[in-house]
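These notes are about the structure you will find just below.
Please read these numbers as outputs of a predicted model, since none were measured by experiment. Here is how names work: the chains are called A, B, and so on, in the same order as the sequence lines, proteins then strands, and each is numbered from 1.
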Protein chains: 2
Amino acid sequence: MSDQDTNLTPEAFTDRQKAVLDCALQLLVEGGEKALTTAAIARAAGCSKESLYKWFGDRDGLLTAIVARQASKVRAPEALNGPFSRETLTRELYQFAENLLQVISSDVSLALNRLAIGQASRGDATLGQLLLKRGRGRIGAQTTLLLKEAMAQGYLKQSDAGSAYDVLYGLVLKDLHVRLLLGDQLKKAEQDYAAAGKQAVDDFMKLYAASTE
Amino acid sequence: MSDQDTNLTPEAFTDRQKAVLDCALQLLVEGGEKALTTAAIARAAGCSKESLYKWFGDRDGLLTAIVARQASKVRAPEALNGPFSRETLTRELYQFAENLLQVISSDVSLALNRLAIGQASRGDATLGQLLLKRGRGRIGAQTTLLLKEAMAQGYLKQSDAGSAYDVLYGLVLKDLHVRLLLGDQLKKAEQDYAAAGKQAVDDFMKLYAASTE
DNA sequence: CAAAATCAGTACCGTACGGTACGGTTCTTG
DNA sequence: CAAGAACCGTACCGTACGGTACTGATTTTG
């Protein structure tokens with residue numbers, strides 16, 4: 001009852017198909033799922049509906065392809081190999097927090113998440129799983145490794161790195177993600193992602209920094 | 001360009017109309033927005049489509065009425081008046097955290113949030129604003145008052161109570177709300193809301209407890 | 001009790017969308 | 001250059017939904 005051979009991984013899309021998916025994504029960002037009709041995609045991408053169905057099967061396959069393509073663009077941050085200084089750790093975390101805030105609040109991310117949530121409301125969590133695995137999962141895994149390494153080097157308290165990452169995530173985003181998904185407008189001060197991220201990381205370090213002695 | 005006289009506040013619904021809205025909500029919870037057609041509501045509620053349009057104007061008005069009705073059921077927790085002990089504070093916060101987790105993960109809450117997010121994806125944030133104001137806002141305001149009072153009584157560091165509440169909120173929910181909206185299944189351990197809430201509040205207290213001396 | 005309002009049930013209309021079929025054009029390939 | 005595949009553009013079909021109109025029954029009201 002799970003994803004068996006839905007072959008989401010291959011993504012053997014031709015350049016033409018990728019261009020079509022990018023067009024479709026733009027439509028999605030601009031007008032929401034409602035605007036993402038097969039006719040509109042065909043018109044915007046300059047291809048025929050018949051080709052869409054030939055390439056992606058049906059509308060659901062098309063939506064999945066859009067998400068898969070975009071998720072494939074997610075670049076996990078470089079893993080630090082070897083020892084690093086405490087300053088490097090905090091700098092990396094600052095970078096992570098600011099980047100996370102930027103990504104989460106981007107039009108593309110919001111549109112994709114809304115699309116997946118809409119599908120989930122119809123009882124199908126395929127897109128949601130895809131987003132969680134390829135999007136949050138990939139970034140999270142890398143940062144979790146960073147935290148684990150920081151624990152090994154004595155900068156952070158020994159504890160479950162996954163839980164620590166969850167705490168960091170919560171401190172950075174708070175209820176911002178859902179508010180944005182709901183269409184709420186951020187106040188000016190809330191849009192200073194660098195400052196907000198720094199504050200969150202500082203809080204995180206208060207909780208997880210190894211006792212200095 | 002905002003909500004002017006959309007008269008969301010009155011909610012002068014007759015008992016009959018409330019019953020219809022409850023029926024509609026049940027449909028929404030069971031089958032998502034897709035299942036929430038006017039015909040389906042009329043059939044489930046045993047009323048005519050004409051009555052639906054007479055009472056609620058159009059489909060959007062019906063959706064708004066559903067959300068408004070449910071939001072009106074939100075009971076803000078009692079405000080503590082007068083001084084209270086530190087134990088009372090932590091007990092209240094534990095209660096708040098567990099309750100928040102339960103509410104956020106409930107089928108009804110998820111369905112309403114998904115509905116509002118779907119509307120937001122079409123560029124209309126009416127339902128989102130309604131949810132934020134009547135749902136999160138009401139609970140949040142009360143707990144923020146509690147935090148402010150705790151600061152006044154010296155249990156918590158003096159700081160902006162609103163920001164402190166945001167931190168608490170983030171620590172309690174982490175990325176759980178969005179994961180649930182995306183249709184992700186919680187692991188067994190994650191469903192122990194009492195334990196998760198306690199952990200979050202303990203973390204919160206580490207950050208905000210007034211230095212004991 | 002009679003006039004008036006309300007409402008359930010149903011039929012109906014226009015539109016929009018997912019999906020398919022087809023003709024004509026361009027591009028590939030031998 | 002010729003045969004064939006790929007594909008664009010469009011037309012088409014069936015269905016489903018939002019919204020309206022009508023009718024007969026029930027309730028309300030004076």
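- In this structure, A:Lys54 has no side chain to side chain contact (heavy atoms under 4.5 Å, CB included) partners at least two apart in sequence or on a different chain.
- Distance CG (A:Asp15) to P (D:dA6): 17 Å, rounded to an integer number of Å.
- Between A:Arg16 and D:dC8, a side-chain N or O to OP1/OP2 separation shorter than 4.0 Å is present.
- For the contact set between residues 38-54 of chain B and DNA chain D, defined by any heavy atom under 4.0 Å, the members are B:Thr38, B:Lys49, B:Glu50, B:Tyr53.
- At least one donor-acceptor pair closer than 3.5 Å links the side chain of B:Arg114 to the backbone N or O of B:Leu181.
- Taking the side chain to side chain contact (heavy atoms under 4.5 Å, CB included) definition, one finds that A:Gln102 meets it with A:Glu98, A:Asn99, A:Tyr193, sequence neighbours left out.
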With salt bridge (charged side-chain N to carboxylate O under 4.0 Å, His left out) as the test, would you mind laying out the steps for A:Lys34 and B:Glu33 before giving the verdict?
-> CA-CA 13 Å; A:Lys34 184 78 187 284; B:Glu33 178 172 5; over 6 Å; no
Would you list the atom pairs, donor with acceptor, under 3.5 Å between side chains in residues 37-50 of chain A and any protein atom, with sequence neighbours excluded?
residue : atom : partner : partner atom : Å
A:Thr37 : OG1  : A:Ala40 : N            : 3.0
A:Ser48 : OG   : A:Ser51 : N            : 3.1
A:Ser48 : OG   : A:Ser51 : OG           : 3.0

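- A heavy-atom distance below 4.0 Å to DNA chain D is reached by none of the residues of residues 21-30 of chain A.
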Extract all donor-acceptor atom pairs below 3.5 Å that involve side chains of residues 168-178 of chain B and protein atoms in other chains or at least two apart in sequence.
residue  : atom : partner  : partner atom : Å
B:Lys174 : NZ   : B:Leu171 : O            : 3.0
B:Asp175 : OD2  : A:Arg136 : NE           : 2.4
B:Asp175 : OD2  : A:Arg136 : NH2          : 2.8

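- You can see that DNA chain C meets the heavy atoms of chain B within a 4.0 Å-exclusive cut from C:dC7 to C:dG9, reading 5' to 3'.
- More than 12 heavy-atom neighbours from other residues, nucleotides or ligands sit within 6.0 angstrom of NZ on B:Lys73.
- End-to-end axis angle for the helix from C:dC1-D:dG30 to C:dG30-D:dC1, using five pairs per end and rounding to 10°, comes out at 20°.
- In this structure, the side chain to side chain donor-acceptor pair (under 3.5 Å) partners of B:Ser109, at least two apart in sequence or on a different chain, are B:Asn113.
- In this model, no donor atom of one side chain and acceptor atom of the other lie less than 3.5 Å apart for A:Asp22 and A:Gln26.
- The ring-ring contact (aromatic ring centres under 6.0 Å, His included) search around B:Tyr208 returns B:Phe204, not counting sequence neighbours.
- Heavy-atom neighbours of B:Lys206 NZ from other residues, nucleotides or ligands within 6.0 Å: above the threshold of 12.
- Annotation: side chain to side chain contact (heavy atoms under 4.5 Å, CB included) contacts of B:Arg91 (sequence neighbours excluded): B:Thr88.
- Judged as a ring pair (Phe, Tyr, Trp, His ring centres under 6.0 Å), the pairs with a partner in residues 88-108 of chain A (not counting sequence neighbours) are, in order, A:Phe96-A:Tyr165.
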